[in-house]
Amino acid sequence: MKPEKRLPVLYSLHREFISHKSAKDLDSSVALGKNMAVLYWMDTGELEDEVTFSQYYKLMSRERQRKVDSFLFKKDKRLSLGAGILMDKGLSAWGLCERMTEVSYKEEGKPFLPGYPHIHFNLSHSGSKAMAVFAGVENGCDIEKVQKADLNLARCFFTQREYDFIAGQQKGRQQDEAFTRLWTLKESFLKAAGTGLMLSLNAFEITILPEGKIILGRKNEKAQALDTGELEFREYRLGEYCAAVCLFMGCKEDGAFYRDAGGSQRKAEEIGRYEGIDH
């Protein structure tokens with residue numbers, strides 16, 4: 001029997017276990033439970049090598065291969081393949097693989113595993129970075145390359161306090177980072193809630209305290225209908241990128257989250273450059 005060819009090593013692929021408040025003595029050797037989460041990220045620039053790209057592409061499911069093929073530009077193909085690679089790595093904690101696991105999508109577009117409802121995951125990528133989070137609870141992640149702060153965008157789609165937080169920073173790098181941090185935190189919450197574009201960005205408020213603690217404030221009655229229980233946020237700085245993870249520690253078992261029947265008030269053409277390809 002011919003031995004399988006070893007896959008090229010992806011040196012930029014990293015894994016970090018997230019310890020929840022209630023998790024003690026986290027054992028990474030067991031499948032993730034409700035008190036555990038794990039974050040993966042990689043630089044898809046490694047997939048510029050044609051041999052590396054080809055070997056990992058062949059490892060993917062037909063559905064992932066179709067997604068990769070659907071993109072015109074090589075950069076986007078690498079991002080999509082990178083998402084598939086991280087999906088495969090994350091599923092390995094349960095003894096599963098991407099190629100053999102069916103992925104479906106909820107009405108709002110959030111991916112889920114119909115055969116494994118206890119496994120929750122989310123994907124994001126931006127620039128050349130891909131990210132994935134896996135946990136035993138609903139979760140969301142977002143990664144964005146730090147760009148120049150768009151104060152007009154912030155004034156239109158963030159709350160007044162969030163705008164003041166950004167505008168109050170020193171112009172330049174500090175202001176750019178503040179804008180990107182808030183953006184990733186808000187997107188991670190929306191993705192964890194599974195509302196997608198159905199809940200506007202200014203329907204809730206993110207406060208970053210001086211010591212780094214993140215607080216979610218429910219600004220209006222519609223957002224208050226999100227009965228999420230306890231939330232936990234994590235922030236990461238990966239070189240020129242900001243990333244955030246949101247974990248719904250006390251979410252409803254039936255997943256009955258708020259849906260805004262009126263649709264999103266965000267203009268896709270204005271926010272599109274900050275949105276990654278999330279699956």
Side-chain angles (χ1 to χ4, degrees), residues 32 37-41 44 57 59-72 76-94 96-126 129-144 184 186-201 203 225-226 228 243-248 251-266 268 271-272 274-279:
L32 301 177
V38 63
L39 184 68
Y40 297 85
W41 68 91
T44 60
Y57 175 88
L59 183 70
M60 297 292 107
S61 64
R62 292 283 183 87
E63 178 61 25
R64 175 54 60 181
Q65 290 176 353
R66 282 194 290 268
K67 287 184 177 181
V68 173
D69 294 341
S70 70
F71 292 104
L72 177 63
D76 295 325
K77 290 179 182 290
R78 292 193 295 268
L79 284 173
S80 184
L81 180 57
I85 292 171
L86 297 186
M87 184 76 181
D88 192 58
K89 293 293 182 182
L91 288 173
S92 67
W94 285 273
L96 303 172
C97 66
E98 188 273 341
R99 182 169 50 189
M100 303 296 292
T101 308
E102 179 188 359
V103 178
S104 295
Y105 298 88
K106 298 179 181 179
E107 184 179 347
E108 298 80 8
K110 185 173 183 178
F112 71 99
L113 306 176
Y116 305 93
H118 59 290
I119 303 175
H120 301 273
F121 73 97
N122 202 237
L123 306 170
S124 180
H125 39 84
S126 173
K129 300 285 188 184
M131 174 172 282
V133 60
F134 288 80
V137 296
E138 290 284 3
N139 59 69
C141 69
D142 191 57
I143 184 168
E144 302 289 346
T184 58
K186 291 173 81 70
E187 286 291 340
S188 72
F189 169 75
L190 287 175
K191 293 171 72 176
T195 61
L197 299 178
M198 303 298 286
L199 184 66
S200 59
L201 283 172
L226 274 170
T228 60
V245 173
C246 178
L247 302 167
F248 275 19
C251 63
K252 288 183 177 181
E253 291 297 327
D254 62 2
F257 300 120
Y258 163 73
R259 271 71 171 170
D260 181 0
S264 171
Q265 298 301 310
R266 295 188 288 169
I271 66 173
Y274 292 102
E275 297 283 357
I277 307 168
D278 295 332
H279 52 268

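By convention here, the first residue in the shown sequence is residue 1.
Nearest approach of Ala135 to Ala37, heavy atoms of both residues: CB-CB, 3.7 Å. Listed here is the closest heavy atom pair of Ala243 and Met131: CB-CE, 3.5 Å. A pairwise comparison of heavy atoms in Ala192 and Cys246 identifies CB-O, 3.9 Å as the closest pair. When all heavy atoms of Lys77 and Phe71 are compared, the pair lying nearest together is NZ-O, 2.8 Å. Across all their heavy atoms, Val103 and Phe121 have their closest contact at CG1-CZ, 4.2 Å. Scanning all heavy atoms of the two residues, the minimum distance from Glu138 to Lys106 falls at OE2-NZ, 3.4 Å.
Taking 4.5 Å as the limit, some side-chain heavy atom of Val245 sits within range of a side-chain heavy atom of Cys141. Taking the side chain as every heavy atom from C-beta outward, His125 and Trp41 never approach each other to under 4.5 Å. Considering only heavy atoms from C-beta on, Leu113 stays 4.5 Å or farther from Trp94 through its side chain. Looking at Leu96 and Ile119, their side chains come closer than 4.5 Å, going by heavy atoms from C-beta outward. Proximity of Pro117 to Phe112: side-chain heavy atoms (C-beta onward) are nowhere separated by under 4.5 Å. Side-chain contact between Asp88 and Arg64: absent, with no pair of heavy atoms (C-beta onward) separated by less than 4.5 Å. With contacts defined as side-chain heavy-atom distances shorter than 4.5 Å, the pair Thr44/Leu81 does not qualify.
Of the possible polar contacts, none joining the Glu144 side chain to the Ser126 backbone as a donor-acceptor pair under 3.5 Å is found. Looking only at distances, a side-chain donor or acceptor of Lys191 sits under 3.5 Å from a matching main-chain atom of Leu123. Distance alone, capped at 3.5 Å, is enough to place a donor-acceptor pair between the Thr101 side chain and the Cys97 backbone.
To the nearest 0.5 Å, atom OG of residue Ser188 and atom CD1 of residue Ile143 are 12.5 Å apart. One finds the NZ atom of Lys110 at 8.0 Å from the NE2 atom of His120 (value rounded to the nearest 0.5 Å). Distance check, rounded to the nearest 0.5 Å: OG of Ser61 to CE of Met100 gives 10.5 Å.
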Candidate pair Phe134 and Met87, rule side chain to side chain contact (heavy atoms under 4.5 Å, CB included), full reasoning: CA-CA 9 Å; Phe134 288 80; Met87 184 76 181; 3.9 Å; yes

Residue pair Leu59, Ile85: steps toward the side chain to side chain contact (heavy atoms under 4.5 Å, CB included) verdict: CA-CA 9 Å; Leu59 183 70; Ile85 292 171; over 6 Å; no

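Ring-plane geometry between Phe189 and Phe248 is classed as tilted, the angle between the planes lying from 30 to 60 degrees on a 0 to 90 degree scale.
Ion pairing between Glu98 and Lys67 fails under the 4.0 Å rule for side-chain N and carboxylate O.
Side-chain contact annotation: Asp69 with Tyr57, donor-acceptor N/O pair under 3.5 Å present.
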